[in-house]
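For reference, the structure is listed below as structure tokens.
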Amino acid sequence: MPLLAVRDLEAAYGDFKALHGVSFAVERGEIVSIVGANGAGKTTTLKSLLGIVHPTAGTIELDGTRIEGRRPSDIVERGIALVPEGRNLFREMSVEENLTMGAHVPRARRSARSRVAAMYERFPILAERRRQPAGTLSGGQQQIVAIARALMSEPSIVLMDEPSLGLAPRITLEVFALIRQINERGTAVVLVEQNVVQALELAARAYVLSEGKTVMQGSAAEIRANPEVKRRFLGENSPP
Amino acid sequence: MTVVQLVVNGLLLGGVFALSALGFNIIYGVMRVVNLAHGDVVVIAAMVCALAFGALGLNPLVLLPVAVAGGFVLGAAIHRLLLRRLPAETASTEASSLTLTFGLSFFLAGGGLALFGGSFRSVPFLTGAFDVGGISIPQAKLLAFALALVLAAALAAFLRFTAAGCAIRATSQHLEGALACGVDIDRVRTLSYGLGTAVAAAAGALMSMIYNLNPQMGVQFTVNAFAVVVIGGLGSYAGCVLGALVLGLANAFTSYFVGASLAEAAPYVLFILVSLLMPSGLLGRRTA
Ligand SMILES: Nc1ncnc2c1ncn2[C@@H]1O[C@H](COP(=O)(O)OP(=O)(O)OP(=O)(O)O)[C@@H](O)[C@H]1O
Ligand SMILES: [Mg+2]
């Protein structure tokens, strides 16, 4: 049984149907990448998994339990965490308060203090900036806060929506190294990325989303070798 | 000397304005609801306090916690029973919540009139004044000011140091960020509307020591709180306190130099000036 199984997921914003048939699965401790053009529905998919957007059809199973339609508070409590597109930090709250909010769900709240201390050990830069409003940090540091905040609930699976968005290439490498490290500690990762090449290097498997539907799936190597993926996402016009 | 006296009057008044506006601000911050029923809660609490003081001789220091508790229960109930049932799409919620609180305002004002009648009431507690070097400091105003500060500090401490308070601030700064952290938004909203109403009721209890009020004067306090929040910068708690002191001073000076009836226009004038000249308020965030 996969850790996360999504079948025929549909979701809408008012009358506009953004997802019509998204299916994918994530095994325990795996990195899965979701690739797709702008507006394909990647963010909507991740928001639906977390319950921020309410799916209108389809099923989501976490560890064999159906969770579609539940509230975010319940879903985070059950072990899914999201690093949102654009980070969505609490800009006027300190780095420490942002981290503490990551442990807001009942399961994590009691040990919030020790979890913050552990994060400081792991990310010394956050310890240095602990009292600073999160909005005053550099883009790379803000992304680390967003990732650390998601890890505070010790999720079994973390959804990352374009974690390298707007970051300098060097910082992007650091973020990718961090994702690998998180995964090596046993956390499954769903990675949505514009940097498709790097994402596919990191992921074991990948899915391609187009116009709200899963249109392709396979091992990262297979997806990388697919001519259409090459043309559309890897910027290669002809095979080498 | 007159100027010093007016500054003292203005600041004392501003303290109570600040408390009232903090309640308005917390509701706007978390829910993006402009609570038009705010002032009606203020005057109804003032009426209840005046009657309780008259009939039972209850000390305002006893009435204040009762007002806070009663306000909280009333606000939480209003959110559970009414506001929460509005459709969830964010675009329409602001408009429909405005209509709802507008209706609520009429309901409370009418209910207040039916229950308490239209006569003016107050709590004549500590009617004397201290004389400090020729400056007169009315004891009731000083007490109301001090209590407002204590309550505002308690509110600030709650927002800063408790998990629920942090969730309230997080939700007002980034709704989706708070959702991503697994904040139970529904509960946070009930709590915020309850707290905002509790603070409005507390402000009413204090206003009853300063003003003669009747149940129909709610609008004035709504405008007052709204103006303070806009002057200070929507969503900013420090701005709220600053805006309230500015409004208190404006009120004191206009009532002395131009007359009491025109002092009521002070919030409108400041509101317009700030909207035109500093659209994000004295301490507002540019992005709000
Ligand atoms: N809040 C919203 N209201 C209405 N439509 C929306 C909303 N959010 C997204 N959409 C629409 O839903 C579709 C899917 O959007 P989504 O953000 O999920 O795409 P995406 O794959 O994450 O794109 P990007 O690569 O640009 O982040 C798009 O057509 C988008 O315009
Ligand atoms: Mg997106």
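Proteins get letters first, then strands, A, B, ... in listed order; numbering begins at 1 in each.
Here NE2 of A:H104 is found 8.5 Å from SG of B:C181. Values are rounded to the nearest 0.5 Å. Taken from NE2 in B:H174 to CG in A:N98, the straight-line distance is 11.0 Å, to the nearest 0.5 Å. For the atom pair CD of B:E176 and CD of A:E85, the computed distance is 10.0 Å after rounding to the nearest 0.5 Å.
A:R87 does not touch chain B: none of its heavy atoms, backbone or side chain, sits under 4.5 Å away. Contact of A:E97 with chain B is made through the side chain alone, with heavy-atom distances under 4.5 Å. Contact annotation for B:R187: neither backbone nor side-chain heavy atoms come within less than 4.5 Å of a heavy atom of chain A. Heavy atoms of A:I75 lying under 4.5 Å from chain B are absent altogether.
Scanning all heavy atoms of the two residues, the minimum distance from A:M93 to B:C166 falls at CE-O, 3.8 Å.
Salt-bridge formation is not detected for the pair B:R169/A:E92: no Lys NZ or Arg NE/NH1/NH2 atom is positioned less than 4.0 Å from an Asp or Glu carboxylate oxygen.
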Open item on the list: Using the rule given for side-chain contact (heavy atoms from CB on, under 4.5 Å), can you reason through B:I185 versus A:R71, listing the C-alpha separation, both sets of side-chain angles and the distance that settles it, and then say yes or no?
Closed with: CA-CA 9 Å; B:I185 296 296; A:R71 294 182 304 172; over 6 Å; no

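In this structure, the side-chain hydrogen bond (donor to acceptor under 3.5 Å, both in side chains) partners of B:S20, at least two apart in sequence or on a different chain, are B:H38.
Counting heavy atoms from C-beta on, the side chains of A:K47 and B:L179 never come closer than 4.5 Å.
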